[in-house]
Amino acid sequence: QETSVPKFGKGILNLVGQDSTWTMKVAARMQFLGIGQWGENDQGNLASVGSNFLVRRARLKFNGFAYSPKFKYKIELGLSNRDISGASEFTHDAPRYILDAFVMWNFHKNFELWIGQTKLPGNIERVVSSANLQMVDRSLLNSRFTIDRDMGVQLRHKFNISEKFIVKEALAISQGEGRNVTKGNLGGYQYTARVDFLPFGGFTGNTQFIGSDLKREEQPKLMIGAAYDFNNNAVKTRSNQGSYMFTNTGFYETDIKTLYINSMFKYNGFSFMGEYADRNAGNAVARNEDGTATGDIVQVGKGLNLMSGYLFKNNWEVSGRYTSVELDKNITNKNKETQYTLGVSKYIVGHKLKVQTDATYLNEINGPEGLIYRLQLEVHF
Amino acid sequence: QETSVPKFGKGILNLVGQDSTWTMKVAARMQFLGIGQWGENDQGNLASVGSNFLVRRARLKFNGFAYSPKFKYKIELGLSNRDISGASEFTHDAPRYILDAFVMWNFHKNFELWIGQTKLPGNIERVVSSANLQMVDRSLLNSRFTIDRDMGVQLRHKFNISEKFIVKEALAISQGEGRNVTKGNLGGYQYTARVDFLPFGGFTGNTQFIGSDLKREEQPKLMIGAAYDFNNNAVKTRSNQGSYMFTNTGFYETDIKTLYINSMFKYNGFSFMGEYADRNAGNAVARNEDGTATGDIVQVGKGLNLMSGYLFKNNWEVSGRYTSVELDKNITNKNKETQYTLGVSKYIVGHKLKVQTDATYLNEINGPEGLIYRLQLEVHF
Amino acid sequence: QETSVPKFGKGILNLVGQDSTWTMKVAARMQFLGIGQWGENDQGNLASVGSNFLVRRARLKFNGFAYSPKFKYKIELGLSNRDISGASEFTHDAPRYILDAFVMWNFHKNFELWIGQTKLPGNIERVVSSANLQMVDRSLLNSRFTIDRDMGVQLRHKFNISEKFIVKEALAISQGEGRNVTKGNLGGYQYTARVDFLPFGGFTGNTQFIGSDLKREEQPKLMIGAAYDFNNNAVKTRSNQGSYMFTNTGFYETDIKTLYINSMFKYNGFSFMGEYADRNAGNAVARNEDGTATGDIVQVGKGLNLMSGYLFKNNWEVSGRYTSVELDKNITNKNKETQYTLGVSKYIVGHKLKVQTDATYLNEINGPEGLIYRLQLEVHF
């Protein structure tokens, strides 16, 4: 038995159960966010359209192993109002308090079976924890195309092609309507596969899913991969995310397929993250049984997100991001949107205590312009 | 002062405050459940009617004593969506996060006064913690007849008739509308009394309310008892559970009485649990002031639940359950329902790490048949 | 690194991170409350109008410093239904789980910058923690005039005029719609300023915001001060509290100003707390754009609250309270209300384990009388 109180940023408690029968790392974090927004007014000038100051995220995290080191678990709970929002009849009208709750069973060699609710192996920006982002928050590509979390099982595996070249694979079968759905599966199940290639070896400290090159990689490190998501008879407008597509007799169901290409590169303080997403659907326009359109439309289209940053020796970082989202205009009647973001971060204790700020210019083809300024403080025990 | 990190399954932390002025055991658990359901279709064949994969329960538990060993407390919090569901105007439109929050004051000899919210001394299947069930979940009798938790006070007492023969009594006065009701008492109060007889002495490790004979009792151990619940001017259809019986001017109020007979027997790996419930009401049909029926009907009737299991030396268990619920057909217009369940459990670390599966065949007189298959994993620190 | 389990009432865990890089005190509390209420019936006699038994408050608290002793934080979470109630579209339809979440940065000498959500520097009765009240609960003045908590920044400062005479100042800029508002700021911002004078030196153990003279001050100790709150273009009926003033096109906005005078005096077991509140508004009657009244009215008027108690050597305390609230009759059409409360408290372990009871007589000019009896148990680790 052991109770260890680690250094700042390494958790609140590191527990080792008697006879080393289990371990638990307890951690907590909170994010304070201030936002100012400006949009085009009737005269075509930018004018303030709102501001908000909030506890953006507040989380409790527990992970370790139970009974055997081959049987690990993770629980992550949300405390802030935006963390737990999203109650619906499908979540028993209860707030979505649990973010992650799953076990990882290393049942054979390099194979792990995951059971429970956690992030699906989809786009890289989502997989990067909201605690480890290079900018204040994720991009428009993520909000339009991510498949976030779901309930189900995942099979994880990795192997080496050469001494350095690592390949990681993941396969998931999920309910397909997003996290905390406890009222039963609707439509069919969701199937997700991802493969990641790390040709130059693992990132120092497994940081391929952590923003910024805080480790200042001495050798170039690259991860490149792809994910494919097939949501069979999906009932929501963005695969397992978005709105439910109700009809006057039940739900509109159509197959939704999403392809992601993910990449991360880090070298000597420089970092680059790129992702591409492409979504299509069997029949994107939701219809009632009599053929009339319900008004819901699957958000088909594609997106590109490119982000890069350079970390100075004093742990200040300057980063830039370009995002474009182009939904299928004929189907969704939405114009192409482009986002340009400039970010500045000061990592006082890495991602554990940091101040980040960014400014985003939005531009919609044939539509309005906008500006968002954000300032965020993260404290992560 | 002492911080002890126990073995797996014995809690996360065992704290003893400085000068032994208090103690606290912190525990946590989570249950992952997969369900498949089949029902009779128009052709009279069994067809899939749904599936669900969910975090069924996730809990945090705190218990110990405060200031004096004679003044104990327990807090249990629900985290999963099904744990915290049930918000209504009577719970301040807030999720029902607190399951238990009460103190137990041993004010005199064998007497304890309980103050706060916890389970009422009703049917045995409810009193068995959801962490310690012999099958994946409780029976139909419990869902129809339990009185679960409520707010109020309980007086607990025990004494020995002979050296071995123990008698335990409980008396509760409660608000009578179930847990987390913070908007005031409606109708009258609820009075519950229970007495349990243990003629052959206490179960090893106080396991009379724990499913399965994991202790492999060397001598036969029996608990038999009865409980009686009188809900004065009750306003819900199942005593303090079910739906509120609204009228066009307020609430329909009627006395609801429920009788339970409970029994538990364990010997050498064999276990048996039986319970009988019988509910009646002053006037079961809810009516408005002008005498018209509101549509709500007190769920009067009776139920029988018999469950038995045998635990093999390798900690595999086979169990069987028979449940019948027969509501008063004349009043409720509901047919008799029967449930046959076959369960298999593997207790890896007792109830703390276990895999359970069961299959249930449902049959309703003059009604449809159904089949439910469930698979559950419990991890309990 | 250090894990300390303190005495009862001093917290659950006192953690000191490795290399003293951070600290955390973890605490928890719960309050069990029973209420009986009587009101005037048609015959003018007092008759029971309801009762309630509930877990009034249950909280988890975390505080300490992160990375540097100059950078402190506090998190307080509510668990009980009344703690977390108040969900609305403005809180993302999610329960208000977070009470406090803020950091305090001592950036220069006696200056502290607070960032996040916590209590505003308003009326003293609110600033006294609900764990440290002299009576079962706060007065009518508080429920009508408090500005409670909000999101934003506060600047705190203190200095000495003479060796003993301390002055403490606070300045806050907030969103102005109360705690947990995550959907953006409405109307203008809220500005609060408070100054407190302690002419005879600090209270023993900084107890100026703690009810009752549990320290039995050997010298008279006094705090007197004033606070002024200006809510620019407020959209709620009680500054940042009360109801939203919707119009048929959006929100009614008006400046709301509230003045508080606060005082606390303690000497040798005797304590006195007094507060005065005065609220006015630009245009108290909410109107639609076309000039028609919406029905909402800013609760302008004034209140006086005087409370005193004497703590006997055996830690029993008798206290009395007089409260009057006089809203502007011409505008609000509400009569003056007066509250007389007599309280008895037994502090078993100070405010950490105590039983409190009080009886309140309410009187409304030209209106009904009422009586409230309350009994409460507090357990605070």
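Below, chains carry the letters A, B, ... as their sequence lines are ordered, and counting in each starts from 1.
- Contacts between Leu77(C) and chain A at a heavy-atom distance below 4.5 Å involve the side chain alone, from C-beta outward.
- For chain A, no part of Leu186(C) is nearby; none of its heavy atoms comes within less than 4.5 Å.
- The aromatic rings of His351(A) and Tyr347(A) lie perpendicular to each other, with more than 60° between the two planes, well past the 30° mark.
- At a heavy-atom separation below 4.5 angstrom, chain A is approached by Thr91(C), His92(C) within residues 86-93 of chain C.
- With no hydrogens or angles considered, no side-chain donor-acceptor pair links Tyr361(A) and Gln339(A) at under 3.5 Å.
- Contact annotation for Val55(A): both backbone and side-chain heavy atoms come within less than 4.5 Å of a heavy atom of chain C.
- By number of non-hydrogen pairs under 4.5 angstrom with chain C, the leading residue of Leu54(A), Leu33(A), Asn81(A) is Asn81(A).
- Here the side chains of Leu79(C) and Arg59(C) are not in contact, with every heavy-atom distance at 4.5 Å or above.
- A cation-pi arrangement is absent between Lys257(C) and Phe230(C), since the terminal nitrogen or guanidinium carbon is not both under 6.0 Å from the aromatic centre and inside a 45° cone about the axis.
- Listed for the Asp150(C) side chain is a donor-acceptor partner under 3.5 Å among the backbone atoms of Gly176(C).
- Counting heavy-atom pairs under 4.5 Å between each of Tyr67(C), Phe102(C), Phe62(C), Phe71(C) and chain A puts Tyr67(C) at the top.
- Side-chain atoms of Glu112(C) do not come within 3.5 Å of backbone N or O of Arg156(C) as any donor-acceptor pair.
- Residues of residues 21-32 of chain A that come within less than 4.5 angstrom of chain C, heavy atom to heavy atom, are Met30(A), Phe32(A) in numerical order.
- Sorted by first then second residue, the salt bridge (Lys or Arg N to Asp or Glu O under 4.0 Å) pairs that include residues 344-354 of chain A, not counting sequence neighbours, number zero.
- Of the candidates Asp255(C), Thr192(C), Asp229(C), Asp229(C) is the only one forming a side chain to side chain donor-acceptor pair (under 3.5 Å) with Ser239(C).
- Highest contact tally toward chain C, considering only Ile12(A), Ile348(A), Val349(A), Leu377(A), is held by Ile12(A) [criterion: heavy-atom pairs under 4.5 Å].
- No part of Ile35(A) comes within reach of chain C, as not one of its non-hydrogen atoms sits under 4.5 angstrom from that chain.
- Here the side chain of Thr360(A) pairs no donor or acceptor atom with the backbone of Thr341(A) at under 3.5 angstrom.
- Most heavy-atom pairs under 4.5 Å with chain C: of the set Ser85(A), Ser51(A), Pro95(A), this distinction falls to Ser51(A).
- Gln134(A) and Glu317(A) share a donor-acceptor pair across their side chains, judged by distance under 3.5 Å alone.
- The side-chain contact (heavy atoms from CB on, under 4.5 Å) search around Gln241(A) returns Asp148(A), Arg238(A), not counting sequence neighbours.
- A side-chain donor from one of Asp100(A) and Thr118(A) sits under 3.5 Å from a side-chain acceptor of the other.
- Each of Ile84(C), Leu99(C), Ile98(C) was evaluated against Asn180(C); a single residue qualifies, Ile98(C), per the side-chain contact (heavy atoms from CB on, under 4.5 Å) test.
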